[in-house]
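Along the sequence shown, the residues carry numbers beginning at 1.
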Amino acid sequence: MHRSGAAMAWNVFRFCTALRGLGSVMILLVLAVVGVTYYALVLCNYGPALLAATGALDALAALAVLLLFHFLLVMLLWSYFSVVFTDPGGVPPNWRSDVDEERGETAPLSTSNFNSFMNSQQSIDLSDTGSPRIRYCRKCNQLKPPRCHHCSVCGRCVLKMDHHCVWVVNCVGALNYKFFLLFLFYTFLETALVTLSLLPHFIAFFSDVEIPGTPGALATTFLTFVLNLAFTLSVLGFMIMHVSLVSANTTTIEAYEKKTTPFWKYDLGRRRNFAQVFGYNKWYWFIPAYSEEDLRIIPALQGLDYPVRSDFDGQGL
């Protein structure tokens, strides 16, 4: 891929290296935000409102908010820790490509071409859009599968790497990308629910109505509303970006690196692009797991083999 010297000098994905020392502190921060939100919504507001409700409608409304909040909280935490504890995918030992990446699946890479490259000692670290027929990482001293990139934070090559996320203290790659998207999805729903639920209480702060509760509870409610509103807006923008990436079957890194051309060899159409991340089984779309059938019939979920467009001729990407 051809880029200017200025673009080569600044790589936005290296920003995360400055946050390497945060480590598990970010996990504690996430849990702290969840804890404050739980305290404000459940213990300070809707829990007491349910117990003190004098009418069936008020009790039903409070119960609905509490049930939906707890359901979304479970799904959020399940998705979050699935991202945290799931290895995004590394290159298997002694992996080698049997396909010429330049010409696609129809051009097997001959043993002579493979040996010629290894004997040449031309260790080049390039993206999928480069011209060499074999991709090699100088930092890991190993061959790189398609769509694989080296993470300077983790210090290894990651299969279909999207980015290194400091919030989950892990790389987001082939094996946990779906879990990351679900984490965004449930975080958006959860924070939007909290924001709407606490909006009347927030408005009451600026009215002449007397608000029940201790000053600490009122301050916590105010802080929780502001935090959740900020997370709702920021996560919404991030989620919209990743929806567009999934629909085009690309990653954040690939979108940054690939040439400005409408042709992308991994773009198989929206339905198949979606299946490359979420699978075909609809019962598993909204949980951080895959069915055995999807894992068997969709090699891309394993992070090593990716089908290309049928009209790919090796001339464009």
Side-chain angles (χ1 to χ4, degrees), residues 15-50 62-88 151 153-154 158 162-173 175-199 201-202 213-239 241-242 252 286-289:
F15 173 74
C16 288
T17 58
L19 302 175
R20 187 190 310 233
L22 289 180
S24 58
V25 173
M26 298 304 294
I27 298 178
L28 297 178
L29 179 59
V30 171
L31 295 179
V33 173
V34 170
V36 170
T37 300
Y38 192 93
Y39 175 77
L41 185 82
V42 177
L43 301 182
C44 293
N45 291 285
Y46 281 87
L50 177 62
L63 180 62
V65 170
L66 290 172
L67 289 177
L68 184 56
F69 173 81
H70 283 88
F71 169 75
L72 292 177
L73 180 61
V74 169
M75 298 306 297
L76 185 158
L77 293 176
W78 184 11
S79 301
Y80 177 72
F81 285 108
S82 294
V83 184
V84 172
F85 294 115
T86 300
D87 191 312
C151 175
V153 181
C154 295
V158 176
D162 187 88
H163 69 289
H164 185 92
C165 181
V166 295
W167 287 99
V168 301
V169 200
N170 197 5
C171 269
V172 176
L175 305 187
N176 64 356
Y177 184 46
K178 172 190 173 182
F179 309 158
F180 176 75
L181 296 178
L182 290 176
F183 168 57
L184 292 181
F185 176 67
Y186 288 117
T187 298
F188 170 74
L189 294 181
E190 178 86 331
T191 54
L193 172 66
V194 173
T195 300
L196 294 175
S197 300
L198 295 182
L199 180 60
H201 301 78
F202 179 78
T214 65
L218 298 179
T220 304
T221 300
F222 186 92
L223 175 64
T224 300
F225 174 85
V226 173
L227 281 176
N228 280 269
L229 177 60
F231 277 117
T232 300
L233 297 177
S234 59
V235 171
L236 176 60
F238 205 40
M239 192 167 59
M241 182 192 76
H242 278 281
T252 302
F286 296 100
I287 64 173

Among residues at least two apart in sequence or on other chains, which ones pass side-chain contact (heavy atoms from CB on, under 4.5 Å) with L196? none
For the pair F238 and F180, name the ring-plane relationship: parallel under 30°, tilted 30 to 60°, perpendicular over 60°. perpendicular
If you measure from CG on L218 to CG on L223, what distance do you get to the nearest 0.5 Å? 12.5 Å
Which heavy atom in A289 sits nearest to a heavy atom in K178, and how many Å separate them? O-NZ, 2.5 Å
Side-chain atoms of residues 64-72: list all donor-acceptor pairs with protein atoms under 3.5 Å, sequence neighbours left out, distances to 0.1 Å.
unit_1	atom_1	unit_2	atom_2	d
H70	ND1	L66	O	2.7
H70	NE2	Y38	OH	2.9

Show the nearest heavy-atom pair for residues C154 and C171, with the distance to one decimal. SG-SG, 3.4 Å
Is M75 close to I287 at the side-chain level, that is, under 4.5 Å between some pair of heavy atoms? yes
Sub-3.5 Å donor-acceptor pair from the side chain of Y80 to the main-chain atoms of V30, do we have one? no
If you measure from CG on L227 to CZ on F222, what distance do you get to the nearest 0.5 Å? 10.5 Å
Rounded to the nearest 0.5 angstrom, the CG-OG1 distance for L236 and T187 is 12.5 Å
Please round to the nearest 0.5 Å and tell me the distance separating atom CD1 of I27 and atom CG of L31. 7.5 Å
Please determine, by modelled atom types, if T195 and N228 share a side-chain donor-acceptor pair under 3.5 angstrom. no
How far apart are the closest heavy atoms of T221 and N45, and which atoms are they? OG1-ND2, 3.2 Å
Validation row: L50, L63 side chains within 4.5 angstrom (heavy atoms): yes
For the atom pair CZ (F225) and CG (L199), what is the distance rounded to the nearest 0.5 Å? 5.0 Å
Closest non-hydrogen atom pair, V158 against C151: CG2-CB, 4.2 Å
Closest non-hydrogen atom pair between F286 and Y186, with its separation: O-OH, 2.7 Å
Would you please name every residue forming a side-chain contact (heavy atoms from CB on, under 4.5 Å) with V36, sequence neighbours left out? T220, T224
For F185 and M239, work out which heavy atoms get closest and say how close. CA-SD, 3.7 Å
Rounded to the nearest 0.5 Å, what separates atom CZ in F183 from atom CG in N176? 12.0 Å
